[in-house]
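Below is one structure, written out as structure tokens; comments come after it.
Numbers here simply count residues along the sequence, with the first being 1. Just the heavy atoms: all of them, side chains too, but no hydrogens, waters or symmetry mates, feed the values below.
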Amino acid sequence: MGSCEFCGSEIPEDARFCGKCGRLSRGSQQAANGNAAVDRSIPGPASVPDSQRRSIRRPYQYQPPSPQQYQNSPGAAEPTVKYAPVAAPVQQAPKVAPQGVQSYPNAQPQGPIYIGGPGPSTARPVKPPRRPAYKRKGCLISFAVVLLLLVVFFSIAIPTVQKVLAFGSAISTQSPLSSQTGYMGGSDRVNILMLGYGGSGHDGAYLTDSMVIMSLIPSSHHTTLISVPRDLWVQNPANSGNYTKINAVYPTAAGADNTDPVAGGVATAQKVSLVTGLQVNYWMTINFTGFRDFINAIGGVDVDVPDSFTANYPINDDPSINAGWKVIHFSKGLQHMNGETAIEYARARYVTVNLAEGTDFARSVRQQIIMKAALAKLKNWHTWPNLFSAMDALKRTIYTNLSLADLGMFALKMDLNNAHRVSLSFSNVLTNGNIGGQDVVLPQNGNWQLIKDYIKQQLYN
């Protein structure tokens with residue numbers, strides 16, 4: 001036995017490589033190069049660090065001799081270390097799925113699994129684990145709760161929708177969900193004329209004591225309220241040569257018993273358009289008697305009275321029942337009003353203290369205040385439980401040529417808190433007169449264009 005010149009391991013005498021470090025012996029290297037001299041360029045094991053010695057290692061190529069080789073050599077001793085050839089790794093054939101069966105890496109076993117025997121005949125199938133009973137019970141309860149909520153929702157929603165649609169058909173000439181304005185989605189000004197009358201049982205039941213144009217720019221919510229004096233002297237009917245106060249235009253067209261409210265609304269809107277220069281395509285009538293019931297239905301309104309006044313007011317709207325008078329008084333400040341008080345505040349004419357409140361202009365402002373308070377109350381969610389009662393009252397109160405959808409969008413978009421108010425009065429474009437014993441209102445110098453120009457300048461654009 002010899003020793004490796006590099007690592008010192010024992011190797012056979014005639015071995016060309018070290019079986020441990022795989023280095024080629026110097027004698028074998030010189031023989032391979034045809035040079036018997038020792039190559040001094042190859043460093044010895046003592047002078048070269050281990051890391052560098054390993055850098056010139058060759059792949060292991062030594063095939064250990066068989067025991068017969070030693071037996072054929074006289075005097076050779078069997079090596080103390082026997083070398084066994086290293087077997088190459090066995091290459092396993094890839095698994096191939098049977099034809100017609102698609103293989104998936106994470107596929108779960110198909111069919112039942114049997115325990116206790118090789119097949120179904122000798123074993124019982126293993127049942128998959130069942131979900132715990134308490135979880136199944138929880139799912140059933142959750143499903144039942146959701147189902148109950150859906151039933152309750154639809155049992156409330158469907159009748160509500162039906163009532164709302166029926167309400168829209170009752171108060172309008174248009175289909176409830178239709179639109180004549182593009183659902184107020186444009187930038188064009190929309191004008192609606194509000195006409196208030198006393199209703200059946202009143203003296204002059206359908207004379208329009210209140211006439212207000214609500215002018216809205218939907219895109220900006222800019223709102224202008226224009227009061228039209230009820231005593232304005234106009235030709236009625238149009239091109240007839242006959243003249244009346246403008247509050248008589250509605251009953252003339254609608255009939256003495258309000259048999260044709262559409263004709264009354266259209267005729268009045270056309271007359272107001274002619275006077276003001278605005279394109280008034282839409283109108284709404286308000287029956288004060290029904291409005292009183294509506295305010296009671298929503299629980300009254302909170303009104304901030306700007307000025308105190310005292311007035312005489314009829315005990316009964318129908319003088320044939322009671323022609324007497326009562327004294328009413330309103331103090332400045334916030335106060336809660338029921339339906340009767342709100343109507344008295346809005347309609348009071350015969351003022352005895354603070355006479356400025358007795359004019360048509362002041363009465364128009366008070367009516368706007370009541371309307372604003374009623375709309376604010378409707379927007380309050382506390383009022384919603386009384387919605388059906390309010391709708392029943394409004395059926396007897398309002399009528400319009402706007403659809404319910406358009407009317408609702410108009411109410412949502414208009415801004416009464418910041419509305420610009422325009423009043424036609426003696427201080428700007430009007431003057432008073434007396435014709436046939438009647439106190440009437442006329443444009444200054446008979447110039448109707450003054451009214452149009454003034455309104456155009458005052459509009460909130």
Side-chain angles (χ1 to χ4, degrees), residues 194 196 198 209-214 221-230 286-317 324-387 389-390 393-394 397-398 411-412 414-428 458 460:
M194 313 293 290
D209 289 339
S210 173
M211 306 178 70
V212 178
I213 302 172
M214 305 182 75
H221 302 268
H222 289 175
T223 307
T224 306
L225 304 178
I226 306 161
S227 299
V228 180
R230 64 190 293 274
I286 301 176
N287 184 329
F288 285 132
T289 301
F291 195 66
R292 175 182 57 201
D293 297 336
F294 164 70
I295 292 177
N296 285 332
I298 63 176
V301 292
D302 296 321
V303 180
D304 191 3
V305 177
D307 292 298
S308 302
F309 69 93
T310 303
N312 293 324
Y313 195 85
I315 294 177
N316 193 287
D317 292 327
W325 297 78
K326 62 182 179 180
V327 177
I328 58 176
H329 175 79
F330 294 93
S331 300
K332 181 178 179 179
L334 184 65
Q335 52 193 284
H336 185 78
M337 298 183 182
N338 60 16
E340 184 67 31
T341 305
I343 294 301
E344 290 175 354
Y345 177 76
R347 298 190 66 197
R349 298 181 62 193
Y350 304 101
V351 176
T352 58
V353 178
N354 190 5
L355 298 181
E357 288 293 321
T359 65
D360 285 344
F361 317 116
R363 186 166 60 254
S364 178
V365 171
R366 295 200 303 269
Q367 290 166 1
Q368 294 173 21
I369 291 174
I370 294 296
M371 290 174 58
K372 176 182 174 182
L375 285 173
K377 189 67 178 290
L378 277 179
K379 292 179 180 179
N380 190 332
W381 66 271
H382 291 94
T383 309
W384 295 352
N386 301 321
L387 182 62
S389 297
L394 281 178
T397 303
I398 64 176
L412 289 174
M414 69 177 177
D415 182 9
L416 291 181
N417 291 323
N418 301 299
H420 184 56
R421 290 179 170 83
V422 179
S423 293
L424 304 178
S425 65
F426 300 140
S427 62
N428 44 57
Q458 297 298 315
Y460 189 6

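In the model, Ser227 has a side-chain atom that pairs as donor or acceptor with a side-chain atom of Gln368 under 3.5 Å. For the 3.5 Å distance criterion, the side chains of Thr310 and His329 qualify, holding a donor opposite an acceptor.
When atom types are taken as modelled, the side chain of Ser308 and the backbone of Lys332 share a donor-acceptor pair closer than 3.5 angstrom. In this structure, the side chain of Arg363 does not engage the main chain of Asp209 through any donor-acceptor pair within 3.5 Å. Within the 3.5 Å criterion, the main-chain N or O of Lys372 finds no donor-acceptor partner in the side chain of Asn417. The backbone N or O of Lys377 sits nowhere less than 3.5 Å from a side-chain atom of Asn380 that would complete a donor-acceptor pair. Listed for the Thr223 side chain is no donor-acceptor partner under 3.5 Å among the backbone atoms of Ala419. Counting only distance, with no hydrogens or angles, the side chain of Asn296 and the backbone of Gly339 share a donor-acceptor pair below 3.5 Å.
Here the side chains of Met371 and Val212 are not in contact, with every heavy-atom distance at 4.5 Å or above. No side-chain heavy atom of Asp293 sits less than 4.5 Å from a side-chain heavy atom of Thr397. Here the side chains of Val422 and Leu225 are not in contact, with every heavy-atom distance at 4.5 Å or above. Between Glu357 and Arg366, the closest side-chain pair of non-hydrogen atoms falls below 4.5 Å.
With sequence neighbours excluded, the residues forming a ring-ring contact (aromatic ring centres under 6.0 Å, His included) with Tyr460 are His222, listed by chain and number.
Considering every non-hydrogen atom in both Asp304 and Leu334, the closest pair reads OD1-N, 3.6 Å. Between Ala390 and Ile298 the shortest heavy-atom distance is CB-CG2, 3.8 Å. Closest non-hydrogen pair, Pro229 versus Leu424, comes out as CG-O, 3.8 Å. Summarising the geometry of Arg230 relative to Asp360, their closest heavy-atom pair is CG-OD2, 3.2 Å, with the distance given to 0.1 Å.
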Could you give me the CA-CA distance, side-chain angles and deciding distance for Gln335 and Thr341, then say whether side chain to side chain contact (heavy atoms under 4.5 Å, CB included) is met?
CA-CA 11 Å; Gln335 52 193 284; Thr341 305; 5.6 Å; no
For a side chain to side chain contact (heavy atoms under 4.5 Å, CB included) check, start with the C-alpha distance between Val327 and Thr352, then their side-chain angles and the critical distance, and finish with the verdict.
CA-CA 9 Å; Val327 177; Thr352 58; 5.8 Å; no
Test side chain to side chain contact (heavy atoms under 4.5 Å, CB included) on Phe288 and Gln367; report intermediate values, then the result.
CA-CA 11 Å; Phe288 285 132; Gln367 290 166 1; 4.2 Å; yes
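If you take NE2 on His221 and CG on Leu412, they are separated by 9.5 Å, rounding to the nearest 0.5 Å. Between the NE2 atom of His420 and the CG atom of Asp415 there is a distance of 13.5 Å, given to the nearest 0.5 Å. Between atom CE of residue Met214 and atom OG1 of residue Thr224 there is a gap of 10.5 Å, rounded to the nearest 0.5 Å.
Between Phe309 and Phe330, the ring center distance clears the sub-6.0 Å criterion. A centroid separation of less than 6.0 Å is found between the aromatic rings of Phe294 and Phe291.
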